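Heavy-atom basis, side chains included; hydrogens, waters and symmetry copies ignored. FYI, the numbering just counts along the sequence from 1. Given the structure is predicted, the values throughout are model-derived calculations rather than measurements.
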Amino acid sequence: QVQLVESGGGLVQPGGSLRLSCAASGLIFSRYTVSWYRQAPGKERELVAAYTNGGGRINYVDSVKGRFTLSRDNAKNTMYLQMNSLKPEDTAVYYCNAVLYTIVSGKLDYWGQGTQVTVSS
């Protein structure tokens, strides 16, 4: 059974830092396109950061460029999102996503349960 488990969220003051983790089980992480999304109250879910082109490139939404860093440890089947210089507008539930397109099974699309990040003084 595939599971993605996020951790590392919490309450932090503006300007602070958090590191989110996404631990995967039941799949080989390195074969998947993996991403972080977030959803703020009353807003649609948005893509924050993603590995593309087989993991050779990382894309960030403009609002987090220069502040957030995406990384992965394939040996541990884990992905990280280092978030620095946090702002109140970064407040959201952050979700880990893993996608793989296969010939036999089509699109395999997995989500974690989310971890809450609250930036407030």
Is a side-chain N or O of Asn97 found less than 3.5 angstrom from the main chain of Asp109, in a donor-acceptor match? no
Any side-chain heavy atom of Arg38 sitting closer than 4.5 Å to one from Thr91? no
In the structure I gave you, are the side-chain heavy atoms of Tyr95 and Leu4 within less than 4.5 Å of one another anywhere? no
Donor-acceptor contact present, side-chain Asn77 to main-chain Ala24, <3.5 Å: yes
Which of parallel (below 30°), tilted (30 to 60°) and perpendicular (above 60°) describes Phe68 and Tyr94? tilted
Indicate, with yes or no, if Leu27 and Leu108 share a hydrophobic cluster defined by side-chain heavy-atom contacts under 4.5 Å among Ile, Leu, Val, Met, Phe, Trp and Tyr. yes
Mark yes when over 12 heavy atoms from residues, nucleotides or ligands other than Leu47 sit less than 6.0 Å from its CG; otherwise mark no. yes
Flag if over 12 foreign heavy atoms under 6.0 Å of CD, Glu44: no
Closest contact, heavy atoms only, Ala92 versus Gln116: O-NE2, 3.5 Å
For Thr78 and Ser21, which heavy atoms make the closest approach, and how far apart are they? CG2-CB, 4.4 Å
Determine the minimum heavy-atom distance between Met79 and Cys96, stating which atoms define it. CE-SG, 3.5 Å
Tell me the closest heavy-atom pair linking Arg31 and Leu100, and the distance in Å. O-CD1, 3.1 Å
For the hydrophobic clusters of this structure (ILVMFWY residues joined by side-chain heavy atoms under 4.5 Å, transitively), does one cluster hold both Trp111 and Val117? no
Electrostatic pair Asp90-Lys87, nearest N-O below 4.0 angstrom: no
Residue pair Met83, Trp36: steps toward the side chain to side chain contact (heavy atoms under 4.5 Å, CB included) verdict: CA-CA 12 Å; Met83 306 186 297; Trp36 284 98; over 6 Å; no
Treat each ILVMFWY residue as a node, draw an edge where side-chain heavy atoms are under 4.5 Å apart, and state whether Tyr32 and Ile58 are in one component. yes
Where Ser121 and Pro14 come nearest, the two heavy atoms and their spacing: N-CD, 3.7 Å
Does any non-hydrogen side-chain atom of Val34 lie less than 4.5 Å from one of Tyr110? no
Looking only at non-hydrogen atoms, find the nearest pair between Ala49 and Tyr60 and report the distance. CB-CD2, 3.6 Å
Could you give the distance from OG (Ser35) to CG (Leu70), rounded to the nearest 0.5 Å? 8.0 Å
Could you walk me through whether Glu89 and Ser63 satisfy the side chain to side chain contact (heavy atoms under 4.5 Å, CB included) test, starting with their C-alpha distance in whole Å, then the side-chain angles of each, then the deciding distance to 0.1 Å, before giving a yes or no? CA-CA 9 Å; Glu89 51 264 42; Ser63 59; over 6 Å; no
Val12 vs Ser17, side chain to side chain contact (heavy atoms under 4.5 Å, CB included): CA-CA, chis, key distance, verdict: CA-CA 7 Å; Val12 64; Ser17 298; over 6 Å; no
For the residue pair Asn74 and Arg72, establish whether any side-chain heavy-atom pair is separated by less than 4.5 Å. yes
Inter-residue atom distance Tyr51.OH - Asn59.CG, 0.5 Å rounding: 11.5 Å
Show your reasoning for whether side chain to side chain contact (heavy atoms under 4.5 Å, CB included) applies to Leu20 and Glu6. CA-CA 7 Å; Leu20 305 184; Glu6 301 99 334; over 6 Å; no
Compute both the distance and the angle, then confirm whether Arg45 meets the cation-pi test with Tyr37: under 6.0 Å from the six-membered ring centre, within 45 degrees of the axis. no
